[in-house]
There are 2 protein chains.
Amino acid sequence: MDVVDLGAQWRAYCASRALKSTRQRAVLLDVVLGWSGHFSLDDVFSAAAAEMPAIGYATAYRTLKLFLEAGLIAPIDLGDGVSRYEIVRHEEHHDHIVCVGCGRVVEFVDAHIEELQVEVAHRLGFDLVAHRMDLRGRCRLGEHCPHRSPLGPAGVVQS
Amino acid sequence: MDVVDLGAQWRAYCASRALKSTRQRAVLLDVVLGWSGHFSLDDVFSAAAAEMPAIGYATAYRTLKLFLEAGLIAPIDLGDGVSRYEIVRHEEHHDHIVCVGCGRVVEFVDAHIEELQVEVAHRLGFDLVAHRMDLRGRCRLGEHCPHRSPLGPAGVVQS
DNA sequence: TTAGGTGCAAACGTTTTGCAACTTG
DNA sequence: CAAGTTGCAAAACGTTTGCACCTAA
């Protein structure tokens, strides 16, 4: 499911809930779908405000909540105390590993672990709905590592 | 490492940082070590206040922070927006699965997944320091499930 | 005696809401 | 027109801190 499909998904959600289409929502959708990586409410608001100065924080807040309910975005927790989100891409689910030294975030998927999660859930009497797995590690980039800080996503590592 | 050892660990930490032993800290340590399951700052404060009405919220806050630094407790995130913690038991590390229907939390460990996590981290160039894995599922307790709400921990399920 | 600890109240940053004015369908 | 949406400002929330008064060592 690519960005185009997420747009469709949003339109479907709007229809199902009789939501109106406004310029604000268009701008916000645009910002979110165009975002690569993780974003906070503030991130989204700032970007939207750049394109539409009159937009209000509350609107960004409420719209992000709608995106959440529509399943367009999902909350993630990277350990800092801020609510962050990322676009839900069904074919692109991934987990995170965060370097405790430099804060670098690598996204990855391990098919084997995914399987085992379903299995374990079943064994415990659950039907798995979702999961979140965040690893912490120290990355071995040596002198390149410390404090390279939040850098753009380098893509999801599959395995 | 059982509760007794955690007490020793705390004493060692106090010594190393020249922390004084006060009645407040004793009460708070007691509350935390005696807690079965997950707790919030509020939980701890309330329980401590029951035993020592004059205790201040800030003291609970600051002390919990010390416990955190001392490695006695670890933050966990169960998806509600509240900071929660649990006692660190080195031989009892576990992950969580939360029922999206009733909120029931089951703790578990899967040795195979644990191994794979280390492996994956290495493959990505990290030395694994810690991990957090929270599954969401719908539990199959049928009529017994919905809204049985936060119940006491039923122990860690090993596999 | 003195470094450290406590309780209070206020500051903080973020998230959330009430409301009157304004759009969309 | 009616229902839904917006921006503002303020409330609510959990968390964190400054400070003057205590207390363990």
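Naming: A, B, ... by sequence-line order, numbering from 1 per chain. Atom set for the values below is all heavy atoms of this structure, side chains included, hydrogens, waters and symmetry mates excluded.
Scanning residues 15-28 of chain B for heavy-atom distances under 4.0 Å to DNA chain D yields B/Lys20, B/Ser21. Of the residues in residues 51-68 of chain B, those lying under 4.0 Å from DNA chain D by heavy-atom distance are B/Tyr57, B/Ala58, B/Tyr61, B/Arg62, B/Lys65.
With a 4.5 Å cut-off on side-chain heavy atoms, A/Leu29 and A/Leu6 do not count as touching.
Under the salt bridge (charged side-chain N to carboxylate O under 4.0 Å, His left out) criterion, B/Asp43 pairs with B/Arg84, sequence neighbours left out. By the salt bridge (charged side-chain N to carboxylate O under 4.0 Å, His left out) test, A/Glu69 is found to be paired with A/Arg17, residues two or more places apart in sequence or in another chain being considered. The salt bridge (charged side-chain N to carboxylate O under 4.0 Å, His left out) test applied to B/Asp127 returns A/Arg140, not counting sequence neighbours.
A/Val120 and B/Ile113 make their closest contact through CG2-CD1, 4.1 Å (heavy atoms, listed as atom of the first residue, atom of the second, distance).
A/His94 and A/His38 have tilted rings, their planes meeting at an angle from 30° to 60° on a 0 to 90° scale.
For the pair A/Glu69 CD and C/dT16 C1', the interatomic distance rounds to 14 Å; values are reported in whole Å. If you take CZ of A/Arg84 and C1' of C/dG13, they are 14 Å apart, rounded to a whole angstrom.
Within the structure, salt bridge (Lys or Arg N to Asp or Glu O under 4.0 Å) pairs that include any residue of residues 47-66 of chain A do not occur (at least two apart or interchain).
A distance-only check finds no donor-acceptor pair linking the side chain of B/Arg25 to the backbone of B/Leu19 [under 3.5 Å].
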